[in-house]
Amino acid sequence: MSERSTQPLKARGVSVALDGRPVLRQVDLDVSAGEFVALLGANGSGKSTFVRAATGLVPMSSGTVELFGTPLDRFRDRHRLGYVPQRSRAVAGVPATVHEVVMSGRLAHRRLLGWSTKADAAAVTAAISRVGLPDRTRSSLSELSGGQQQRVLIARALASEAELLVMDEPTAGVDHDNQESLAELLGGLVHEGTSVLLVAHELGPLRPLIDRAIVLHSGEVAYEGPCEGLVGEDHAHVHMHTGQPPVPEGLTGEGVWR
Amino acid sequence: MTEMLSYEFMQRALIAAVFTGLAAPAIGTFLVQRRLALLGDGIGHVALTGVALGLLTNVAPVLTAIVVAIIGAIIIELLRMFGRTSGDVALAMLFYGGISGGVLLINLAGESAATLNTFLFGSITTVSNSDLVVVALLAVLVIGLAVGLSPQLFAVCQDEEHAQVSGVPVRVYSILIAVLAAVTITVAMRTVGLLLVSALMVVPVAASQQLTRSFRTTHLAAMAIGLFAAVGGVVSSYQINTQPGPTIVLLALAVFAVAALFGAAARRVRGRRHPVDFARGDI
Ligand SMILES: Nc1ncnc2c1ncn2[C@@H]1O[C@H](COP(=O)(O)OP(=O)(O)OP(=O)(O)O)[C@@H](O)[C@H]1O
Ligand SMILES: [Mg+2]
């Protein structure tokens with residue numbers, strides 16, 4: 001019973017309407033402790049919207065989300081949650097170093113008006129080396145390539161030392177070798193008990209890690225089960241996008257958040 | 001120099017310049033980071049309506065300006081959060097409403113163009129002792145919060161959604177940034193004037209980021225540049241007998257020009273010393 005109440009993510013009947021248009025309909029999704037769940041589906045099927053609803057970024061029209069047994073609106077242990085948003089625009093109007101951006105992943109651990117501690121610095125350094133960018137720590141984010149910036153965002157999520165990692169297409173634009181290192185890294189984390197909810201188009205080297213796949217189709221769960229079960233239409237769906245470049249934000253309707 | 005310092009109005013002007021020069025870039029850095037560089041201008045225009053309201057009702061213009069500017073800042077943040085208006089359109093409407101309201105009310109109050117001018121372009125030499133106390137207190141508040149809360153404000157301005165997922169109360173901080181900008185504008189109203197206030201919030205940041213890589217250095221260097229421009233501007237305006245506001249802003253722009261040249265040169269030198277290294281950072 002106590003095992004159940006500490007389940008990292010439990011979503012029931014999640015429905016979301018954006019601009020009055022239903023985008024998610026009655027989605028149930030669980031991530032158990034130490035489980036690696038992949039969320040798949042075509043562009044616009046509602047993957048990001050689900051992730052955003054589950055992390056409290058978009059309001060749900062109905063349904064419930066529990067994080068670690070606590071309803072989303074009462075969930076305060078934010079350091080247990082690491083998030084990699086789907087985006088191409090990581091660079092803001094003022095330069096910031098890799099270290100500074102990754103350090104913002106430690107905010108949930110830090111006190112208001114406090115200096116960063118040794119533990120913060122150690123977690124940041126470790127996260128940066130884990131994504132293979134230790135020699136770029138002091139580089140400005142804008143000096144990095146798109147795939148390197150994506151790895152910085154992964155490092156920011158890792159720096160929180162979270163128990164549940166929610167990653168929205170973290171591998172978009174990351175080359176094969178770095179996807180393999182990411183797979184190795186996530187494999188290690190899952191082994192240590194971290195749970196992962198990963199949105200992806202292309203599973204690539206991550207495929208062997210995945211315990212369960214969920215395919216969304218027009219905002220509804222179309223398949224749930226092991227990766228091997230991704231056959232027929234769903235299989236075609238997942239593979240349709242394999243090898244395609246990520247769609248620019250403006251085209252998916254993601255970019256409207258000013 | 002000593003002659004200049006012997007005038008009490010110049011002493012007050014210099015002290016006001018120190019506070020304004022530090023406070024404006026302290027909060028301006030976050031506006032630039034959010035790509036809301038023009039927010040300061042929008043609030044400045046709204047503050048003009050506040051000034052006019054003060055003149056019309058015989059209340060101290062600084063007080064009415066600060067109240068109206070804060071209300072304007074909060075409205076614009078709410079529009080950005082909940083409305084369907086994008087940031088720049090909401091800003092444009094503030095510009096129009098603020099300036100028309102201000103001029104209209106000043107007409108009604110029967111004030112002359114000269115009065116309007118002192119608020120639009122500053123009148124640092126008429127700063128009184130009580131003005132100075134208000135300026136100093138508010139500036140210390142702005143600098144303290146902008147520097148003290150910089151990890152949170154940085155996270156909100158860098159990536160609002162990630163900050164929210166990390167448990168940062170993003171809406172509270174967004175409104176705080178807008179309110180601090182509004183406070184800064186009324187602080188700087190006497191020094192550089194409402195029309196040029198935003199320049200002191202933005203130009204030092206633009207200048208410092210020509211030479212820096214990290215947010216922290218940019219932030220601190222911008223405050224140093226703001227301090228230099230404000231104090232230097234007041235001193236040179238006394239010497240060459242010009243209005244302080246525009247002098248300060250032109251000095252800041254000059255620093256920007258120099259920094260941009262230096263930055264470009266430094267990048268070229270670095271490029272030559274380290275020819276492109278394809279493997280760097282990629283494993
Ligand atoms: N801010 C928004 N306002 C209105 N509709 C939106 C908004 N964001 C997304 N949508 C719509 O919601 C649907 C689901 O979008 P979502 O971003 O969740 O898709 P996705 O599965 O993540 O797609 P992708 O693979 O392109 O990332 C799309 O049809 C999209 O048009
Ligand atoms: Mg998406």
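Basis for what follows: all heavy atoms, side chains included, without hydrogens, waters or symmetry-related copies. Naming: A, B, ... by sequence-line order, numbering from 1 per chain.
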Open item on the list: For chain A, which candidate among B/C157, B/S166, B/A206 shows the most heavy-atom pairs at distances under 4.5 Å?
Closed with: B/S166
Task: Contact residues of residues 178-188 of chain B (partner chain A; heavy-atom separation under 4.5 angstrom) - done: none
Open item on the list: Just verifying a value: how many Å separate B/E161 CD and A/T55 OG1, rounded to the nearest 0.5 Å?
Closed with: 8.0 Å
- [ ] Starting at CG of A/L141, measure out to CD of B/Q158 and round the result to the nearest 0.5 Å.
- [x] 6.5 Å
- [ ] Could you list all the salt bridge (Lys or Arg N to Asp or Glu O under 4.0 Å) pairs where at least one residue sits in residues 134-159 of chain B, not counting sequence neighbours?
- [x] A/R87-B/D159, A/R156-B/D159
Open item on the list: Given heavy-atom pairs under 4.5 angstrom as the criterion, report whether the side chain, backbone, both or neither of A/R76 touches chain B.
Closed with: neither
Open item on the list: For A/R80, I'd like to know if atom CZ has over 12 heavy atoms of other residues, nucleotides or ligands within 6.0 Å.
Closed with: yes
Open item on the list: Just to verify, which of A/V166, A/V51, A/L81, A/V84 counts as forming a side-chain contact (heavy atoms from CB on, under 4.5 Å) with B/V165?
Closed with: A/L81
Task: Structural part of B/V168 lying under 4.5 Å from a heavy atom of chain A - done: side chain
- [ ] Can you measure from CZ (B/R213) to CD (A/E143) and round to the nearest 0.5 angstrom?
- [x] 4.0 Å
TODO: Write out all pairs satisfying ring-ring contact (aromatic ring centres under 6.0 Å, His included) with one or both partners inside residues 128-180 of chain A, taking only residues at least two apart or from two chains.
DONE: none
Open item on the list: Quick check: closest heavy atoms across A/R78 and B/Q164, and the distance to 0.1 Å?
Closed with: NH1-O, 4.1 Å
Task: Non-hydrogen atoms of B/Q209 and A/P95 that approach each other most closely - done: CB-CD, 3.5 Å
- [ ] May I ask you to name which of A/A96, A/A108, A/S104 has the most heavy-atom pairs under 4.5 Å with chain B?
- [x] A/A96
Open item on the list: Which atoms of B/T29 are under 4.5 Å from chain A, going by heavy atoms: the side chain, the backbone, both sets, or neither?
Closed with: both
Task: Leading residue by heavy atom contact count with chain A [cutoff under 4.5 Å; candidates B/H219, B/Q33, B/H162] - done: B/H162
TODO: For chain A, find its close neighbours in residues 140-155 of chain B: heavy-atom separation under 4.5 Å, sorted by number, or none.
DONE: B/G148, B/L149, B/P151, B/Q152, B/F154, B/A155
